[in-house]
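Some notes on the structure that comes next.
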Amino acid sequence: MAINGIKGFNDILPGDVEKWQHIEATARRVFELYGFSEIRTPILEKTELFCRSIGDATDIVEKEMYSFVDKGENKVTMRPEGTAAVMRAFIEHKMQALDPVARLYYMGPMFRYERPQKGRYRQFHQIGAEVTGVSAPTVDAQVLTMLTHFFAELGLDEPSLQINSLGCPKCRPVYREALKSFLLSKIELLCEDCNRRYETNPLRALDCKSPGCQEATKGAPAMLEYLCPECAEHFEATKKYLELVGTTYQINERMVRGLDYYTRTTFELVTGLLGSQSAVAAGGRYDGLISDLGGPALPGIGFAIGVERVALLLAEKDFSRRPDLFIAALGDEAHAEAFKIMSALQRLGAAVEIDYEGKSLKSQMRRADKFKSRFTLIIGGDELARGTAPLKDMDGGTQSDVALNADAIVKVIKG
Ligand code: ATP
Ligand code: MG
């Protein structure tokens with residue numbers, strides 16, 4: 001019996017992969033306009049890295065991590081997200097010595113043991129970006145603007161930007177207590193998860209989808225009302241800079257995010273087109289994370305985009321590539337000539353196809369059709385003798401004779 005892949009782990013096949021390449025190339029191009037450089041970190045990290053950064057009482061650490069003990073008795077985890085690993089690398093390589101303001105982006109697979117469904121997988125891919133070393137609200141506005149710029153470049157204007165502030169270690173505990181007292185009388189309405197984390201992570205009830213939690217949190221106090229003057233000022237300034245550059249947003253005061261390290265500005269890009277998998281990107285500030293991980297006391301901010309969800313939003317668009325030319329050949333000698341011209345043209349930068357087995361002209365033309373090549377060239381005995389052959393422009397329908405050499409042909413098909 002044939003062996004299949006693992007549930008929740010997907011193959012990305014030709015035909016679809018062109019869309020992925022387009023998404024990745026767009027991210028590289030846009031992020032580099034904003035001064036970001038790529039960083040590549042390993043898939044495997046010490047388990048402790050994620051426990052300490054993401055937080056013990058989060059869904060990811062409690063139940064979603066692919067963790068195991070390796071042959072050397074080390075506790076390791078396949079990364080469930082990118083920020084902690086990028087900050088680990090930032091600290092380990094003392095990148096702040098070169099410049100405390102690092103602007104980094106990454107792309108690659110992440111792993112979470114979740115229930116697979118449309119837009120939710122066990123191996124999924126993120127494209128993310130991080131900025132260290134600046135707490136100025138201009139950076140918040142720039143990171144958000146870069147994120148929406150990336151989506152606009154893909155022709156996706158629909159996901160809307162929602163922002164909130166989660167305050168800081170000064171004002172959040174005050175809010176937490178206020179929320180806990182509000183929820184105390186309604187605690188039996190909370191779902192099992194939210195009930196259990198009432199002490200450790202009560203804020204999660206605010207964005208919990210269960211009807212009981214939604215009922216219990218109706219009319220709950222909002223973090224925004226509890227921000228300390230510094231956090232309130234930071235949030236106001238972030239909004240002002242977003243407006244200054246025309247980045248539109250909505251305030252969602254119930255957004256809490258599922259990772260403990262977030263402070264101040266948090267955000268999601270939300271779509272109405274993917275059912276309950278509505279977040280296509282998310283992120284926020286993490287001003288305490290770098291020092292919590294043993295690094296310098298530097299602030300940070302970043303986001304991660306869910307590539308599978310972006311690909312789903314682009315489902316209707318065709319990214320398949322077309323070869324420049326298909327060469328059909330009749331007879332052994334013409335076939336050899338076609339092979340030679342193809343090779344020379346490829347070296348000149350043209351994408352060329354032939355029928356390797358040199359079947360009938362009819363079946364070769366069927367193949368040319370399948371490839372949707374932009375041009376076709378037909379070589380037979382007469383053409384070989386003349387040294388020229390008809391080159392047909394498949395889009396324009398026009399046809400002209402060209403000399404049977406790569407330099408002459410490339411001028412027409414790439415000209
Ligand atoms: P969700 O609320 O959908 O579970 P999340 O808050 O867990 O998302 P983050 O950890 O912030 O997500 O990750 C950022 C983005 O990565 C998400 O907005 C989403 O687009 C994508 N993402 C997260 N988990 C998955 C998954 N299991 N499969 C596919 N994409 C995912
Ligand atoms: Mg999740």
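We count ligands from 1, going down the list as the structure has it; atoms in each ligand are counted the same way. All values below come from the heavy atoms of this structure, side chains included, with hydrogens, waters and symmetry mates left out.
- The only member of H125, Q123, Q277, R120 that meets side-chain hydrogen bond (donor to acceptor under 3.5 Å, both in side chains) when paired with E308 is H125.
- Under the 4.5 Å side-chain criterion, counting only non-hydrogen atoms from C-beta, K317 is not in contact with K19.
- Listed by chain and residue number, nothing satisfies the ring pair (Phe, Tyr, Trp, His ring centres under 6.0 Å) test with H93 (two or more places apart in sequence, or in another chain).
- The environment of OH in Y66 is crowded: more than 12 heavy-atom neighbours from other residues, nucleotides or ligands sit within 6.0 Å.
- Applying the ring pair (Phe, Tyr, Trp, His ring centres under 6.0 Å) test to residues at least two apart or on different chains, the pairs with a partner in residues 233-284 are Y261-Y286.
- Using a 4.0 Å heavy-atom criterion, the residues that approach ligand 1 are R112, E114, G119, R120, Y121, F124, Q126, R257, A279, V280, A281, A282, A304, G306, R309.
- Partners of F303 according to the ring pair (Phe, Tyr, Trp, His ring centres under 6.0 Å) rule, which considers only residues two or more places apart in sequence or in another chain, are F31.
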